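For reference, the structure is listed below as structure tokens.
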Amino acid sequence: MEEMCFDNRELSWLKFNTRVLEEAEDITNPFCERLSFASIYQSNLDEFFGVRIGSLYDQMLVSKDIRDNKTDMTCKEQIYAAFDQVRLLTRRKDCVYAALDKELETLGIDIATFSEIAPKDAQYLDAYFEHEIRPLLAPQVVGKKQPFPFLKDKAIYAVVVLGPKKASKSYKSDKLGIVPCSIDVLPRLVRIPDYPNRYILMEDLILHYLARIFSHFEVKSRSLIRIIRNADIDPDEEMYDDDTDFRQVMEQLVSRRRRLAPIKLEYTGLMDESVIGILLKHLKLKKNYVFYSESPLDLSFFSTLSDLLRGDKSLFYEKYTPRYPADIDPKRSLIDQIEEKDRLLFFPYDSMDPFLQLLNEAAADPDVVSIKMTLYRVARDSKVIEALIKAAENGKEVSVLLELRARFDEANNIGWSRRLKEAGCSILYGLDELKVHSKLCLITQKDGEDIKYITQIGTGNYNEKTARLYTDFSLMTADQNIGEEASDIFTHMYMDEVVDEATYLMVAPLCLRNKILERIDLQIERAKEGKSAYVGAKTNSLTDKVIIEKLIEASEAGVKIDLIVRGACCLIADVPDVTENISVRSIVGRYLEHSRIYIFGSEDPEVYISSADFMTRNTTRRVEVGAPLYDPDIRERVLEIFRILMKDNVKARVQLADGTYVRARQDGEPLNAQKYFMYE
């Protein structure tokens, strides 16, 4: 029976992205937010192919015997099972696009095709093409002396089958023509004059004029294509030696990613099988990796359409400004207030300003001697970094562990590392074997002969932008025990080591998962003794098999377990006699549920917040930190937040025993947890 309790990570993640697509379908959401969800669905899927399918593809090339440790599926089986689901989802996405497109027309926005264009408008587009677009095009005919061009990741190309014209003696067989359609200096939405909001997509316009571009040929068929390239790349040992700056290695890595092998070919329009075969030959892909779409290949233009409709507030979520916490006085010293009592920020409902105020206060405080911080993803215009630079300029010792291996944020982090180093900050780029994913800040004060610590531990990045979009916690405490352990963590990291023992904090990779397992074991013992036993957890993903097996054991022992897992969940709940004491739910709504909460026990429970998901990469291959909530008011607040999330019956989906998800049943009054927290 136990094998029925496991789901494949990739297939479970696709169920999550289905929930994102459902939000695009949901007519109770404001219209422009539905546009946003459709675009997010597509960008999520692009990353899934680049990272997850790319990783499986690489593993499959190494060995055909590598299997998923939960479902025993080979890499090939996982890839093909995912492809089957993606094809079904693509049909659903096409229907969503058609519905949204129809609704756009009712709002006065028309995305036209050339066949719908009136003659006078066609004349304008003809002139626009000749004067604005054509000079920027780089069409190519593929032949013996014209090699197949490099196709950029996620860029759109027009592909055309070219036959010899009757009068031509130069060409006797069909050829392939390719035209790049992604022109960064021109708007993708080409406005048609005399209409307030009528447009044609750049790629559709280029597609129409292919006969003019390849005037010496007969155009036999035409279509648009887009490829996704493998993005699963890590720095190899051979890329650097002891004399090479790791930042240079990461710059090379970012450059290499642009040239990695294609992992997906998608197309729209009519394409001959022979053309698909030619493309696959050059891209070194099999036919299974080809996907047909009836809707545009890139939905990012939806954000432009939303901007056009910005004047109608009913089409968007009601504007929400994060509040300054009522229990923090902005006119008093943050350090003094934290020394009086622990403080907790709950993003995006609370403003990030108190934490920024703390950093700026520490930068100017003569008693502060050092600030140590881990950074993973920061905003492009980061006030956090500006505060650290100010502290360094004020003579504070500022040490920043800036993880350069934050996928897709490498270039941004490389730039910030230069700024920090130029300002006099000490910079570390991470550990040799482990990513540093913890959200940890340590402010050290010298009070006479005494050393005092202010420690901040969070569940999310130090990023002002995402703090308005993601739900996260930020704990600020003057607990000296926690401060000393945080100091020990930094000391070990500076020596390229990790802590192997911690009394108060949970610290991956060596003392987080074992602490979680120990606490679940205590609940198992309580259940066996006939006492109340409980485990609650909120994470982004649950894929760690060791933790999953322990949760199954706890369920079989009678421990009540509530799991809120936004994304991939490899544990299937409610299987009779095995996981019937486990509930799994996922919340997808206005904000991305990013906070992590661990709860152990129902009577006087232990409560932690953490940067770590229940994923093997987080528990064994990263430096993560979980913090206990000792303050009774804060602990009760987080427990109440968890209880409200468990009662959500508007945006929550509940997992069934077959692994599918359905919307939570609305018994009683509707409760949208995110809206509740906005106005509590």
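Worth saying up front: this structure is predicted, and the values here are computed from it rather than measured. Residue numbers run from 1 in the order of the sequence given.
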Between the side chain of [X] and the main-chain N/O of [Y], is any donor-acceptor distance below 3.5 Å?
X    : Y    : result
S351 : D353 : yes
D562 : S583 : no
E464 : K383 : yes
R596 : T459 : yes
R468 : P348 : no
S55  : R52  : no

Item to check | Pair F291 and F83, ring centroids less than 6.0 Å apart | outcome: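 Between F83 and F291, which both carry aromatic rings, the centre distance is below 6.0 Å.
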
Checklist entry - Are the ring centres of F355 and F347 closer than 6.0 Å? => result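 F355 vs F347: aromatic centres not under 6.0 Å.
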
Rounded to the nearest 0.5 Å, what separation is found between the [atom1] atom of [X] and the [atom2] atom of [Y]?
X    : Y    : atom1 : atom2 : value
T106 : L104 : OG1   : CG    : 7.5 Å
L629 : I634 : CG    : CD1   : 7.0 Å
L359 : Q456 : CG    : CD    : 8.0 Å
E556 : C5   : CD    : SG    : 7.5 Å
H437 : N618 : NE2   : CG    : 6.0 Å
K515 : S610 : NZ    : OG    : 12.0 Å

Give a yes or no on whether a salt bridge exists between [X] and [Y], defined as a side-chain N under 4.0 angstrom from a carboxylate O.
X    : Y    : value
K550 : E553 : yes
R643 : E640 : yes
K15  : D7   : yes
D544 : R513 : yes
E22  : R653 : yes
R622 : E403 : no
K439 : D472 : no
K154 : D298 : no
D46  : R226 : yes
K651 : D26  : yes
K538 : D648 : no

Item to check | side chain to side chain donor-acceptor pair (under 3.5 Å) between D68 and Q78, intermediate numbers included | outcome: CA-CA 8 Å; D68 172 34; Q78 293 177 74; 5.3 Å; no

Next on the checklist: Other residues, nucleotides and ligands only: do more than 12 of their heavy atoms fall within 6.0 Å of CD on E669?
Outcome noted: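 Not more than 12 within 6.0 Å, no.
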
Checklist entry - With a cut-off of 6.0 Å (strictly less than), are more than 12 heavy atoms of other residues, nucleotides or ligands near OH of Y504? => result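 At most 12 heavy atoms, drawn from other residues, nucleotides or ligands, come within 6.0 Å of this atom.
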
Checklist entry - For the ring pair (Phe, Tyr, Trp, His ring centres under 6.0 Å) test, which of F473, Y470, Y591 pairs with F346? => result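 Result: among F473, Y470, Y591, F473 is the only option passing the ring pair (Phe, Tyr, Trp, His ring centres under 6.0 Å) with F346.
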
Item to check | salt bridge (charged side-chain N to carboxylate O under 4.0 Å, His left out) partner of E23, chosen from R34, R590, R663 | outcome: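 Exactly one candidate clears the test, R663.
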
Next on the checklist: Angle between ring planes, Y317 versus F37, binned at 30° and 60°: parallel, tilted or perpendicular?
Outcome noted: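 If you compare the ring of Y317 with that of F37, the planes turn out perpendicular.
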
Checklist entry - Should the pair F302 and Y97 be assigned to parallel (<30°), tilted (30 to 60°) or perpendicular (>60°) ring geometry? => result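 Judged by the thresholds at 30° and 60°, the geometry between F302 and Y97 is parallel.
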
Checklist entry - Passes side chain to side chain donor-acceptor pair (under 3.5 Å), T455 versus D479? Steps please. => result CA-CA 8 Å; T455 311; D479 186 298; over 6 Å; no

Next on the checklist: Would you say K70 and T543 are linked by a side-chain donor-acceptor pair, where the criterion is simply a distance under 3.5 Å?
Outcome noted: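 On atom types as modelled, these side chains do not qualify, holding no pair under 3.5 Å.
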
Item to check | Steps toward side chain to side chain donor-acceptor pair (under 3.5 Å) verdict (T466, N461) | outcome: CA-CA 8 Å; T466 57; N461 297 302; 5.3 Å; no

Checklist entry - Q85 pairs by side-chain contact (heavy atoms from CB on, under 4.5 Å) with which of L14, N17, T90? => result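 Among L14, N17, T90, the one meeting side-chain contact (heavy atoms from CB on, under 4.5 Å) with Q85 is L14.
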
Item to check | Derivation and outcome, side-chain contact (heavy atoms from CB on, under 4.5 Å), residues L571 and T579 | outcome: CA-CA 9 Å; L571 169 64; T579 58; 3.9 Å; yes

